[in-house]
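In what follows, chains carry the letters A, B, and so on, assigned in the order in which the sequence lines appear, proteins first and then strands, with residues in each chain numbered from 1.
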Amino acid sequence: MTKLIKSGAYAQDVYAPVADDAALPDGPVLVSLARFHKDRDTLLARNTPVGIRLQSSENPEQLGQDVHHFALIALEFPKFRDGRAFSWARILRTRLGFTGEIRAVGDFLYDQVNYQHRVGFDAWEVPDNFTIEMFNRALTEMTNVYQPSADGKKTIRELRAAR
Amino acid sequence: MLTANRLRDGDVLYRKGSGWVLMLADADVYPDQASADAALAAATAETVRNEIIAPYLFEVREVNGKIVPVKEREIIRAAGPTVHPHTGKQAGQINA
Amino acid sequence: MLNTLVKQVDPNMYRYDEFDAQFVGERVEQFAGQVARRLSGELTEDQFKPLRLMNGLYLQLHAYMLRVAVPYGTLSSKQMRKLAHIARTYDKDFGHFTTRTNLQFNWIKLVDVPAILRELADVEMHCIQTSGNCVRNVTADQFAGATDEEIEDPRPLAEIIRQWSSLHPEFVFLARKFKIAVGACEKDRAALLYHDMAVQIVKNAQGRIGYKVMAGGGMGRTPYIAHVMSEFVEREDILAYLEAVLRVYNQDSRRDNIHKQRIKILINAIGPEEMRKRVAREFDEIKRAGTLQLPQDELDRITAYFAPPKFETGLSDEMPEAGTDFANWVKTNVSKHRAPGYAIATITLKTPGQVPGDATSAQMDIIADLMDQFSVGEVRVTHEQNLVLPHVRKKDLPAIYAKLKELDFAAPNAGLITDIIACPGLDYCDLANARSIPIAQTIAKKFENLDRQHQIGELKIKISGCINACGHHHAGHIGILGVDKKGVEFYQLVLGGSGAEDASIGEIMGPGFGEHEIADAVERVVNVYIAQRKDGERFLDTYRRLGMAPFKDAAYEKAAA
Ligand code: SF4
């Protein structure tokens, strides 16, 4: 079983994952890119939130302006060693200006949560034994950072300049 | 024969019975593939205890009544670096 | 052990401020936590492996190996003494300098690693990203700041890259490892063109200093020479440009075949032109965001740490006389310095019979003393597994030479046939097919005669124990690659490679030679060169003129008989 962490707390997952060949239920849905391509007009016409789940090989840029219709973009880690989604999240936030939820799903480690947070993820689908305490610890193991990223955190260079 | 490394210090281990020894000469030789595979399966199952890592089988042969690995790699692993004969198992250096 | 007669000197190099110190300290505790979670079983070996690799910890043939970063090859005497102390306390009294200018300890216990990392942090050192699929330790020209050939010292930029790449959230789970090198002159001592990415400091037509960026070089299974990505990147844009290259790599690299996941494969699959286009697009975007701009005051601040030492003036620029042995050593191991009366001294860790790159803790301690006494407390590690005293007074050279002789590190062979690069090979490495070190030792012994070495002249032999090419065999004038034939070691000859500014990839001669044949085959190849060379030709030049055939004929002639 998995749980959802959002805004530093467990949250209810309101999205219903929909298989590519299943009928669309009422309420918020989570679809694949293939399904979105197939039923784009129907999906965009709905007045409930739509989420899309992208595989690690699917560049979110190909969504174009449609990206802003999504309330949720779930980025998949097929195995934790596949780090492409770190770039996808960063592009979504910094380049495409996406302000909805970016959710980490799939196989990732405690040790990656902080990096995910830095590049723009703000929701995590975690195993049941992943506690809020662990989540908070993951984000605070390293106090300062050298690189600007999507989290807007002040870099060590900026902190130095402000001394 | 079956070898692995000890998790906490990395020392090379060899399988004897259902346990491990430090020297190849003290370890079990499996007469056939089936018994070797069974030993490997048991050792692999054991890795969840977090005492040993990376178990695998290697081939040995008998030379003048002594058991020696077939591959140079395993000969060196069992003894220590050939370029530093004062280090490794060949020099009696083992972690307790 | 600090020799009481020697006062410790703090060289002009980067010093951690409170932010760097906190960063490394927290990283150590983070890793200590990961070790604890592994020992308790919370992490499986599968999960722990990439985490330990990201901190330089391997499981090798005999034990764990810990790789300590020596950023851009610069070490202080204090750091050298700490490395000696770690070798003595936690290892078997020696360490190994690598072709990535790092230092490896071969016999480390997992349970000791947190304590070792804390000791390293005390002297501003770490193991961050010395392995794993991330940006590795940045290397640089070992003569940086000392040679008059350079446009400026490349190390400030290397330090800026080190900081930017440390735990970069987007790039710590790349498809494969990513190695960056920095140089600042036409002469390439850092094998720039064999790196995933390389930056060369250049001047443009207007005389402005900026950076030429190359990418897609690499050794390994499929060697490539790097392509130019941009001839000139403005100073303030360099991090934005590097980030653009890395982002394109992270997005577009294959992830389905471990042998095809380096950036060199991507660039050669889509073509350098397309790569440049993709990078340019990212670069524009990153520049527009504006957060990665490198302000001049930050560059100045970092550059100030590397200010040249106060060179004495009025020193004689004459080379002192101290006998034939000394003169021979000067011939190969001493290079021109930017300041009159000064010199750059290369200490080859290659006395014939030695393990290339190895140093005992006692030798490290004495080198630290030499650094303090004669070289403003500083030493450089080279990718050729040697050490360099960057700023020595010429008049001190005889004393330095005498001390090196006591250490058995006075071989007058820098750049000669016995100055061999060899990876750890099957004596230590879990991935090896064959041993490298004993082959290096045998060849060095064979060519020990100094007159003969000088007669042969510049000849770089580089030996790798497997296709991963840590011993740079593709870039050797004579490269040797260890292969495994049914559990027995064999060695292929590779001729005509170069890792310098005239970079080329060596060509494989043919079937391998046995462990006891390879040194003789090398000798026959060298004899062809001696017989056929024209005036002033190096081995490499003769090979390039003649091609493989005559060398091949000679190499196999006796082997077949
Ligand atoms: S080249 Fe191969 S044998 Fe040598 S150190 Fe690298 S991986 Fe090991």
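For the atom pair CG of C/Asp430 and NE2 of C/His62, the computed distance is 10.0 Å after rounding to the nearest 0.5 Å. Taking CG of C/Asp91 as the reference point, atom CG of C/Leu83 lies at 11.5 Å (rounded to 0.5 Å).
Only the side chain of C/Val355 comes within contact range of chain B, with at least one heavy atom under 4.5 Å from a heavy atom of that chain. If you measure heavy-atom distances from C/Thr44 to chain B, you find no contacts under 4.5 Å at all. If you measure heavy-atom distances from C/Arg435 to chain B, the contacts under 4.5 Å come from the side chain alone. With a 4.5 angstrom heavy-atom cutoff, C/Asp93 does not touch chain B via any of its atoms. Both the backbone and the side chain of C/Leu39 come within contact range of chain B, each with at least one heavy atom under 4.5 Å from a heavy atom of that chain.
In terms of heavy-atom pairs under 4.5 angstrom with chain C, the leader among B/Glu59, B/Glu72, B/Glu51 is B/Glu72. With chain C as the partner, the residue from B/Ile53, B/Val12, B/Val70 showing the most heavy-atom pairs under 4.5 Å is B/Ile53.
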Could you please spell out the steps behind the ring pair (Phe, Tyr, Trp, His ring centres under 6.0 Å) verdict for C/Phe94 and B/His84?
CA-CA 11 Å; C/Phe94 63 95; B/His84 275 301; 4.1 Å; yes
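Under a 4.0 Å N-O distance rule, the pair C/Asp484/B/Arg73 does not qualify as a salt bridge.
Between C/His96 and the options C/Asn106, C/Asp358, C/Asn102, a side-chain hydrogen bond (donor to acceptor under 3.5 Å, both in side chains) holds for only C/Asp358.
With contacts defined as side-chain heavy-atom distances shorter than 4.5 Å, the pair C/Thr99/C/Gln385 qualifies.
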